Amino acid sequence: MILTPHAIVGAAVASALSGHPVVGFALAIASHHVLDMIPHSHYEHHHFDLRVVDSLPALSHNIRAVYQLFLILFDFSIGTLLAILVFARDWHTLFITLLGVAGGVLPDFFQFIYFSYKKEPVHSLVRFHSKFETKNNLDHRPFLGAFIQTVTTICIVLIFLSIK
């Protein structure tokens with residue numbers, strides 16, 4: 001799943017628990033795994049395979065990898081901006097929103113780190129993350145995958161906004 005749904009849903013979860021930021025952060029992380037169980041599409045990330053490119057600095061020489069990094073940063077930025085626009089009303093709710101965004105995307109951050117650091121505890125975190133990934137991957141149908149991600153995110157946000 002791309003980062004925007006994870007960021008927005010993580011923010012929704014944390015915002016619903018704004019009086020309990022640690023619990024909100026933990027449940028935002030859990031929301032990532034729940035979302036990964038829903039059929040969705042992914043980024044192409046084979047450009048980051050360090051069997052082909054032996055270090056993160058070497059990625060800068062791979063134009064496709066650089067393009068993907070910019071795409072991921074753009075996706076993260078859009079998700080963060082939308083989460084702030086929907087959930088942040090003051091400094092406290094901004095903090096809670098950003099905490100939820102961080103929790104919502106944290107498992108994917110560890111996967112990115114894993115490309116260059118295949119040691120503990122990152123290895124175990126990535127292995128745990130992969131247990132939740134749907135077996136019904138829609139990478140071959142990216143528009144359907146994007147549609148499902150969009151509808152799922154909107155429904156979850158509406159549910160969390162209605163209970164606040």
Side-chain angles (χ1 to χ4, degrees), residues 1-15 25 27-88 94-119 121-154 156-157:
M1 188 168 280
I2 64 174
L3 295 175
T4 294
H6 288 304
I8 294 170
V9 171
V13 169
S15 293
F25 179 74
L27 290 178
I29 293 171
S31 77
H32 182 104
H33 300 300
V34 171
L35 286 176
D36 275 355
M37 292 180 202
I38 299 168
H40 59 276
S41 52
H42 304 87
Y43 293 122
E44 291 180 43
H45 55 275
H46 59 272
H47 307 303
F48 298 118
D49 187 347
L50 293 184
R51 291 175 295 211
V52 177
V53 181
D54 62 357
S55 68
L56 286 178
L59 285 174
S60 65
H61 301 296
N62 180 338
I63 193 68
R64 292 172 72 190
V66 170
Y67 167 75
Q68 289 237 269
L69 281 173
F70 280 117
L71 184 63
I72 291 167
L73 288 172
F74 178 74
D75 176 24
F76 175 73
S77 299
I78 292 297
T80 303
L81 179 63
L82 289 172
I84 289 169
L85 289 172
V86 173
F87 298 105
L94 174 63
F95 171 74
I96 297 297
T97 299
L98 293 176
L99 197 63
V101 166
V105 300
L106 190 61
D108 281 344
F109 175 74
F110 284 126
Q111 279 200 286
F112 182 74
I113 296 301
Y114 185 70
F115 285 116
S116 65
Y117 187 79
K118 293 182 177 6
K119 297 180 180 155
V122 177
H123 177 72
S124 292
L125 291 168
V126 168
R127 215 166 12 135
F128 177 77
H129 181 203
S130 68
K131 292 180 185 204
F132 293 93
E133 189 68 34
T134 181
K135 304 300 181 248
N136 190 8
N137 155 342
L138 296 175
D139 291 345
H140 61 289
R141 299 184 68 191
F143 293 111
L144 178 60
F147 177 76
I148 290 172
Q149 291 175 74
T150 302
V151 170
T152 301
T153 303
I154 290 169
I156 291 171
V157 167

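All figures in this text were calculated on a predicted structure; none of them were measured in a lab.
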>> Testing the basics here: between Pro107 and Gly104, what is the closest heavy-atom pair and its distance to 0.1 Å?
In response: CD-O, 4.2 Å
>> Show the nearest heavy-atom pair for residues Val105 and His32, with the distance to one decimal.
In response: CA-ND1, 4.3 Å
> Got a second to check how far Leu125's CG is from Leu106's CG, nearest 0.5 Å?
Replying inline: 8.0 Å
> Sub-3.5 Å donor-acceptor pair from the side chain of Gln149 to the main-chain atoms of Pro5, do we have one?
Replying inline: no
> What is the minimum heavy-atom distance between Ala11 and Ala83, and which atoms define it?
Replying inline: CB-CB, 3.6 Å
>> Show the nearest heavy-atom pair for residues Phe87 and Ser15, with the distance to one decimal.
In response: CB-OG, 3.4 Å
> Between OG1 of Thr150 and CZ of Phe147, what distance do you get to the nearest 0.5 Å?
Replying inline: 8.0 Å
> Which of parallel (below 30°), tilted (30 to 60°) and perpendicular (above 60°) describes His33 and Phe128?
Replying inline: perpendicular
> If you take all heavy atoms of Phe76 and Val101, which pair is closest and at what distance?
Replying inline: CE1-CG1, 3.9 Å
> Can you tell me how far CG of Leu3 sits from CZ of Phe109, rounded to the nearest 0.5 angstrom?
Replying inline: 11.5 Å
> Got a donor-acceptor contact below 3.5 angstrom from the Ser31 side chain to the Ala28 backbone?
Replying inline: yes
>> Quick one, Leu98 with Ile84, criterion side chain to side chain contact (heavy atoms under 4.5 Å, CB included). Give me CA distance, side-chain angles, the key distance, then yes/no.
In response: CA-CA 8 Å; Leu98 293 176; Ile84 289 169; 3.9 Å; yes
> For the atom pair CD1 (Ile78) and CG (Leu82), what is the distance rounded to the nearest 0.5 Å?
Replying inline: 6.0 Å
> To the nearest 0.5 Å, what is the distance between CZ (Phe143) and CD1 (Ile148)?
Replying inline: 14.0 Å
>> What's the separation between atom OG1 in Thr153 and atom CD1 in Ile8, rounded to the nearest 0.5 Å?
In response: 6.0 Å
> Does any non-hydrogen side-chain atom of Ile156 lie less than 4.5 Å from one of Leu35?
Replying inline: yes
